[in-house]
Colleague: 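One structure, pasted below without further comment.
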Amino acid sequence: PYTTLFRSTGEEPYSIAMLLSRMIPDLKSWNITILGTDINRRFLQKAAKGVYGDWSFRTTPASVQAKYFERKNGNLEVLPYLKEMVTFSCLNLAEDAYPSLSNDTNAMDMILCRNVLMYFANQQAKNVIANLRRCLVDGGWLIVSPSETSQLLFSQFQTVSFPEATRSEEHTSELQS
């Protein structure tokens, strides 16, 4: 199983589902679960619907919109096969018990926790990181934003750097294939 944890209104988990659908030719033979979490239940309801206005796509090529969304009532809705890969759950990283079978936060392969830890005091951030670490399978990945990395907070993790990583944009014509 491939599992990830997100905090958002759905854009990030669905984007990962889209990426995986492009990268894995035999996607249906994989057991992929993408878990999106947030403390805000309204955000989770919006995320589960997978419906977004044009503002959410202001920098998204039309070819990507056409490939992964269906236009309904003036909005764009995530296609059903992508929605099936993503589930949403309420999770308070500061207070809730995790890892747990009850909130699907156990045995995760990867956790993307971006721009969240900066809102916690140092000790609380350490507690959150310790809980996230216990959510991971052996060899699992915890990925945080560069501004949140700290040797003091992540001493239990092996830091892996990708010094030659660069951001590249594909040409719209390549996205249509």
Side-chain angles (χ1 to χ4, degrees), residues 1-41 43-70 75-91 93 98-99 103-118 128-129 131-133 135-149 157 160-162 165-170 172 174-177:
Y2 177 84
T3 310
T4 60
L5 171 71
F6 287 91
R7 182 187 175 276
S8 74
T9 54
E11 291 91 335
E12 290 175 341
Y14 289 130
S15 294
I16 293 296
M18 290 174 216
L19 175 66
L20 293 174
S21 75
R22 287 188 63 200
M23 304 291 293
I24 304 172
D26 59 342
L27 185 64
K28 291 182 191 238
S29 67
W30 286 61
N31 181 11
I32 296 175
T33 303
I34 301 169
L35 174 64
T37 66
D38 202 285
I39 193 171
N40 186 320
R41 293 188 187 278
F43 286 179
L44 294 169
Q45 290 170 349
K46 174 183 171 47
K49 290 177 184 173
V51 177
Y52 302 96
D54 289 332
W55 176 254
S56 295
F57 298 93
R58 62 195 176 279
T59 61
T60 305
S63 59
V64 172
Q65 295 175 39
K67 186 171 184 173
Y68 300 111
F69 297 88
E70 180 179 5
N75 292 311
L76 290 168
E77 183 174 345
V78 176
L79 292 177
Y81 82 97
L82 295 169
K83 281 186 181 180
E84 290 171 6
M85 295 170 61
V86 182
T87 59
F88 296 94
S89 180
C90 190
L91 181 65
L93 293 174
Y98 60 98
N103 57 21
D104 294 324
T105 54
N106 63 306
M108 297 183 145
D109 297 298
M110 179 172 52
I111 298 173
L112 296 169
C113 185
R114 297 182 55 242
N115 302 323
V116 174
L117 298 172
M118 66 178 124
V128 169
I129 292 165
N131 284 340
L132 293 175
R133 182 171 185 248
C135 292
L136 292 167
V137 297
D138 287 341
W141 289 72
L142 173 60
I143 300 172
V144 298
S145 67
S147 64
E148 296 175 310
T149 58
F157 289 87
V160 178
S161 297
F162 298 98
T166 57
R167 178 182 177 273
S168 300
E169 289 186 355
E170 291 186 88
T172 302
E174 292 176 17
L175 291 173
Q176 294 174 352
S177 60

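FYI, the numbering just counts along the sequence from 1.
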Colleague: Within the distance-only criterion (no hydrogens, no angle test), does the side chain of Q65 pair as donor or acceptor with the backbone N or O of L76 below 3.5 angstrom?
Modeller: no
Colleague: Would you call I111 and M108 a side-chain contact if the rule is heavy atoms closer than 4.5 Å?
Modeller: yes
Colleague: Side chains of C90 and T37, heavy atoms from C-beta outward: is any pair under 4.5 Å?
Modeller: no
Colleague: Between R58 (side chain only) and W55 (backbone N and O only), is there a donor and an acceptor less than 3.5 Å apart?
Modeller: yes
Colleague: Testing V116, L117, N115 for side-chain contact (heavy atoms from CB on, under 4.5 Å) with S145, which one passes?
Modeller: N115
Colleague: What pair of heavy atoms forms the shortest contact from P13 to V86, and how long is it?
Modeller: CB-CG1, 3.7 Å
Colleague: Are the side chains of S21 and L82 in touch, meaning some heavy atoms are under 4.5 Å apart?
Modeller: yes
Colleague: Give a yes or no answer on whether the side chain of N40 reaches the backbone of F43 with a donor-acceptor pair at less than 3.5 Å.
Modeller: yes
Colleague: Once rounded to the nearest 0.5 Å, what's the spacing between atom CE of M110 and atom CD1 of I143?
Modeller: 5.0 Å
Colleague: Yes or no on side chain to side chain contact (heavy atoms under 4.5 Å, CB included) for Y98 and N103, after CA distance, side-chain angles and deciding distance?
Modeller: CA-CA 8 Å; Y98 60 98; N103 57 21; 4.2 Å; yes
Colleague: Within the supplied structure, the quantity of interest is the number of heavy atoms (other residues, nucleotides, ligands) at a distance under 6.0 Å from D138 CG; does it exceed 12?
Modeller: no
Colleague: Between atom CG of D104 and atom OG1 of T33, what is the distance when rounded to the nearest 0.5 Å?
Modeller: 7.5 Å
Colleague: Side chains of I129 and V144: closer than 4.5 Å at any heavy-atom pair?
Modeller: no
Colleague: Got a sec: does the NZ of K49 have more than 12 other heavy atoms crowding it under 6.0 Å?
Modeller: no
Colleague: Are F88 and D38 close enough, and set up right, to give a side chain to side chain contact (heavy atoms under 4.5 Å, CB included), and what steps lead you there?
Modeller: CA-CA 8 Å; F88 296 94; D38 202 285; over 6 Å; no
Colleague: Take S89 and L35, measure what side chain to side chain contact (heavy atoms under 4.5 Å, CB included) needs, and give me the verdict at the end.
Modeller: CA-CA 7 Å; S89 180; L35 174 64; 3.8 Å; yes
Colleague: Answer yes or no: is there a side-chain heavy-atom contact under 4.5 Å between I24 and W30?
Modeller: yes
Colleague: Checking K83 now: which residues fulfil side-chain hydrogen bond (donor to acceptor under 3.5 Å, both in side chains) with it, not counting sequence neighbours?
Modeller: E77
Colleague: Does one side chain, of E11 or T9, offer a donor that lies under 3.5 Å from an acceptor on the other?
Modeller: yes
Colleague: Just wondering, do L20 and I34 contact through their side chains at under 4.5 Å, heavy atoms?
Modeller: yes
Colleague: Which heavy atom of N75 sits nearest to which heavy atom of G53, and what is that distance?
Modeller: OD1-CA, 3.4 Å
Colleague: Looking at residues at least two apart in the chain, or sitting in another chain, which of them share a ring pair (Phe, Tyr, Trp, His ring centres under 6.0 Å) with Y81?
Modeller: none
Colleague: Which residues pass the ring pair (Phe, Tyr, Trp, His ring centres under 6.0 Å) test with F69, sequence neighbours left out?
Modeller: F57
Colleague: Do NZ/NE/NH1/NH2 and the carboxylate oxygens of R114 and E12 come within less than 4.0 Å?
Modeller: yes
Colleague: Taking all heavy atoms of T105 and all of P99, pick out the closest pair and write down the distance.
Modeller: O-CB, 3.2 Å
Colleague: Got K46 and Y52 here, is their nearest side-chain heavy-atom distance under 4.5 Å?
Modeller: yes
Colleague: Can you tell me if Y14 uses its side chain to pair, donor with acceptor, with the backbone of Y68 under 3.5 Å?
Modeller: no
Colleague: Kindly say whether V78 contributes a backbone atom to a donor-acceptor pair with the side chain of E70 at under 3.5 angstrom?
Modeller: no
Colleague: What is the distance from atom CG of L132 to atom SG of C113, rounded to the nearest 0.5 Å?
Modeller: 5.5 Å
Colleague: Test side chain to side chain contact (heavy atoms under 4.5 Å, CB included) on L136 and D109; report intermediate values, then the result.
Modeller: CA-CA 6 Å; L136 292 167; D109 297 298; over 6 Å; no
Colleague: Are any non-hydrogen side-chain atoms of I16 and M85 less than 4.5 angstrom apart?
Modeller: no
